[in-house]
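Notes for the one structure printed next.
A note on names: the letters A, B, ... follow the listed sequences, proteins ahead of strands, and every chain is numbered from 1.
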Amino acid sequence: MRNEQVAGFFDDIADLLEILEDNVFKIRAYRKAVLNIRSLSEDVEKVAGVGRLEEIPGIGKDLAAKIAEIIKTGKLKHYEVLKRKVPEGMLELMTIPGIGPKKARLLYEKRGIKSLNELEKKAKAHKISGIPGLKDKTEENISRGIELVKKHSARMSLKEALDLSAGFVSGLKKLPAAGKVIAAGSLRRMKDTVRDIDILVTSRKPQAIMDAFVKMPDVKNVLAHGSTKSAVLTTGGVQVDVRVVDENSFGAALVYFTGSQAHNVHIRHIAKRLGLKVNEYGVFDEKTDRKVAGKEEIDIYKALKLPIIPPELREDRGEIEAASKGRLPELIDVSDIKGDLHVHSRWSDGENSIEEIARAAKAKGYEYIAITDHSESLKVAGGLSERDVLKKIDEIGRVRKKVKGITLLAGVEIDILQDGSLDYRKNILDRFDIIVAAIHAGFKQSKETLTARIVKAMETGRVHIISHPTGRLKGARDPYDLALGKIFRAAKQTKTCLEINAFPDRLDLDDINSRAAKEAGVKLAVNTDSHLVDQLDYMFFGVSVARRAWLEKKDVLNTRGLSELLKFLKK
DNA sequence: GCCGTTTTCGGCCCGACTGTTTTCAGTCG
């Protein structure tokens, strides 16, 4: 995936052009390209391969050529040239919140500062204040900004973000002046990781909300405290923004605050073409300034002649075009899920007995649940020997008789060994209702070897689902390098499902790859990988990924009823 | 630098907060 690399080059170029005070619209063009490349649902290298770069919005002849150059050489001449015109370290200074091109330039020209280290030293020694236009406050903000960048660069998992925002939302709801309170931003779009929490509040007394918000218990620093908009840093180092609007602007503000930025820019373009203007207060007639919508989200889209677009799709990845043609997908919902096909019991590294899992799944209203403990090789996770796994299958038989009203499937999360073979002999494999396969060791093999391993496992004809296909673990392990195109082709051919692993630290496949899988004709399965019955609720996170991937009910294996599922498992 | 139901030139999304300033530039989302 070269998208981030390409976006990074263009982002830096935009910064450099800003320092050089180049044409603001040229800079904006680069910024737009950055947004669009980051939100691209496919690998830019692939797009380049088929000569369709210029179909990406915001990419014309010039930028397409630059992308091609980056892909071919890993470098960009234009970038090197610009970089030479700007003192070393200036881009680094601009990573500090509050420092843009103008201040970076001032700091360099008046104090010779060209690295974060120097900046930190000079700020501490009070050598910043006194530069024309910069005083004590700026100096303090710079010191704080440096601290901020040092601690707070990691993104939270969606789960952490939801937990954190829930505290602020309930606190704000308790305020007498508060009307509606809702978490917006990337959290509402259910992005798998979240940087900042954005909360929207309706009220007639915005100042009262603002004053109460900045004094909430978890607040460590106040970054901004205005009359309708404030930002704080929590004790955990997370930025929380709250914006207050009048109830009559709720819908418009919700669209604005939910984003994504690329989505917002796009709908504002559409508005402009219709002679309208969109801001966080409403949709207005550009000439008369008359308000034509604002109260509800659906009204905003309606004014733009669009159906309402689910928040999970608002990434400017084609959802606006699809909406205008009436071709938005009917997104899968948690209530469509009929069972969980990847759950661990106490037999390997889970915490609960099979009976407890069966009862918990039944209580969730599931039709079926698969108990899929680890196989022999995965010793660290209590992988079962062939002898023990047969005992486990017997136990499943006993629980079936005891717990009625749900179908228990005897399963395994089987290791795909270094050579691509499966971790049990054939006669043992015959005993399972469902086989989920995964790689748990040998991550550092080459891309070709890893890909071949998974393809070989699928070609045994025994595997129903490949679990957490890329192995990524948020904050702990990058996805291993796979030729996903090859994996998709093999999955389609062998009728193997790929998993969206709903565990909050995994969410693997991710939204972009899941969507690519769907487009390649592959079915997906959304499973929790629970090791504890409470974790069965993680299904919500997996379904969120599926929604962001444009998946419909029919694209997901475990939305099928039991008889349909059993037909598939016989394959 | 991109783009077109305003189509190859002349536009380009929109507004809040801060700090330092006397009306606004810089920065952010």
Side-chain angles (χ1 to χ4, degrees), chain A residues 10 13-15 17-19 21-36 53-67 78 82 93-107 128-142 144-145 148 184-186 195-198 200 206 210 214 222-232 239-245 249 252-253 255-284 286 304-305 316 324:
Chain A
F10 288 173
I13 288 178
D15 283 345
L17 291 174
E18 263 194 306
I19 295 169
E21 293 177 329
D22 205 311
N23 180 315
V24 291
F25 295 108
K26 190 201 280 186
I27 295 165
R28 203 175 291 174
Y30 275 98
R31 300 262 185 235
K32 188 179 175 191
V34 170
L35 274 179
N36 286 328
L53 283 174
E54 287 183 51
E55 287 177 29
I56 301 171
I59 306 296
K61 228 181 167 86
D62 183 276
L63 292 185
K66 289 190 168 78
I67 293 172
H78 182 62
L82 284 177
L93 298 185
M94 285 172 66
T95 62
I96 302 299
I99 299 184
K102 296 291 176 342
K103 287 201 186 95
R105 197 180 188 123
L106 268 178
L107 291 166
I128 303 286
S129 168
I131 298 174
L134 305 184
K135 287 188 163 175
D136 293 1
K137 275 280 185 190
T138 308
E139 194 170 82
E140 279 170 34
N141 286 342
I142 286 173
R144 201 171 58 187
L148 208 86
S186 55
R195 186 183 294 279
D196 303 328
I197 309 278
D198 302 306
L200 176 66
M210 294 290 80
V214 299
V222 179
L223 301 174
H225 182 181
S227 56
T228 65
K229 183 177 164 183
S230 294
V232 304
Q239 186 171 333
V240 181
D241 295 352
V242 172
R243 180 70 191 270
V244 185
V245 296
S249 294
V255 170
Y256 160 78
F257 224 25
T258 298
S260 70
Q261 206 189 344
H263 178 89
N264 286 349
V265 168
H266 195 154
I267 62 173
R268 284 171 182 187
H269 271 290
I270 291 186
K272 207 150 181 110
R273 253 182 265 147
L274 294 169
L276 300 167
K277 183 181 78 166
V278 178
N279 58 29
E280 59 262 56
Y281 302 109
V283 182
F284 299 86
E286 214 166 21
L304 304 178
K305 306 205 185 309
D316 199 20
S324 69

Over all strands shown, is [X] touching base, sugar-phosphate only, or nothing at heavy-atom distances under 4.0 angstrom?
| X | result |
| --- | --- |
| A:Ile96 | sugar-phosphate |
| A:Arg243 | sugar-phosphate |
| A:His266 | nothing |
| A:Phe257 | nothing |
| A:Leu134 | sugar-phosphate |
| A:Lys32 | nothing |
| A:Ile27 | nothing |
| A:Thr228 | sugar-phosphate |
| A:Val278 | sugar-phosphate |

Has [X] got a side-chain N or O lying under 4.0 Å from the OP1 or OP2 atom of [N]?
| X | N | value |
| --- | --- | --- |
| A:Tyr281 | B:dA16 | yes |
| A:Asn279 | B:dG15 | yes |
| A:Arg273 | B:dT6 | no |
| A:Lys103 | B:dA25 | no |
| A:Lys272 | B:dC14 | yes |
| A:Lys277 | B:dG15 | yes |
| A:Asn23 | B:dG1 | no |

* Give a yes or no on whether the backbone of A:Ile128 and the side-chain of A:Glu139 come within a donor-acceptor separation of less than 3.5 Å. => yes

Checking A:Asn279 side chain against A:Gly282 main chain: does a donor-acceptor pair fall under 3.5 Å?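 Yes.
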
Selection from [options] that lies nearest to any side-chain heavy atom of [X]:
| X | options | result |
| --- | --- | --- |
| A:His225 | B:dT27, B:dG29, B:dT18 | B:dT18 |
| A:Gln261 | B:dT20, B:dG1, B:dC13 | B:dC13 |
| A:His269 | B:dC13, B:dC2, B:dG19 | B:dC13 |
| A:Asn141 | B:dT27, B:dA16, B:dG19 | B:dG19 |
| A:Lys26 | B:dG26, B:dA16, B:dG1 | B:dG1 |
| A:Thr138 | B:dG1, B:dG29, B:dT20 | B:dT20 |

With A:Val240 as partner, the option from A:Leu223, A:Ile197, A:Asp198 fulfilling side-chain contact (heavy atoms from CB on, under 4.5 Å) is A:Ile197

A:Leu106 atom CG is separated from B:dT27 atom P, nearest whole Å, by 9 Å

If I pick the [atom1] atom on [M] and the same atom on [N], what distance separates them, to the nearest angstrom?
| N | M | atom1 | answer |
| --- | --- | --- | --- |
| B:dG15 | B:dC9 | C1' | 29 Å |
| B:dC17 | B:dT7 | C1' | 39 Å |
| B:dA16 | B:dT6 | C1' | 31 Å |
| B:dC12 | B:dT27 | P | 23 Å |
| B:dT21 | B:dA25 | P | 14 Å |
| B:dG11 | B:dT20 | P | 37 Å |

Between A:Asp198 and A:Arg28, whichever has its closest DNA chain B nucleotide further toward 5' is A:Arg28

DNA chain B nearest-nucleotide lookup for A:Gly58 and A:Lys102: closer to the 5′ end is A:Gly58

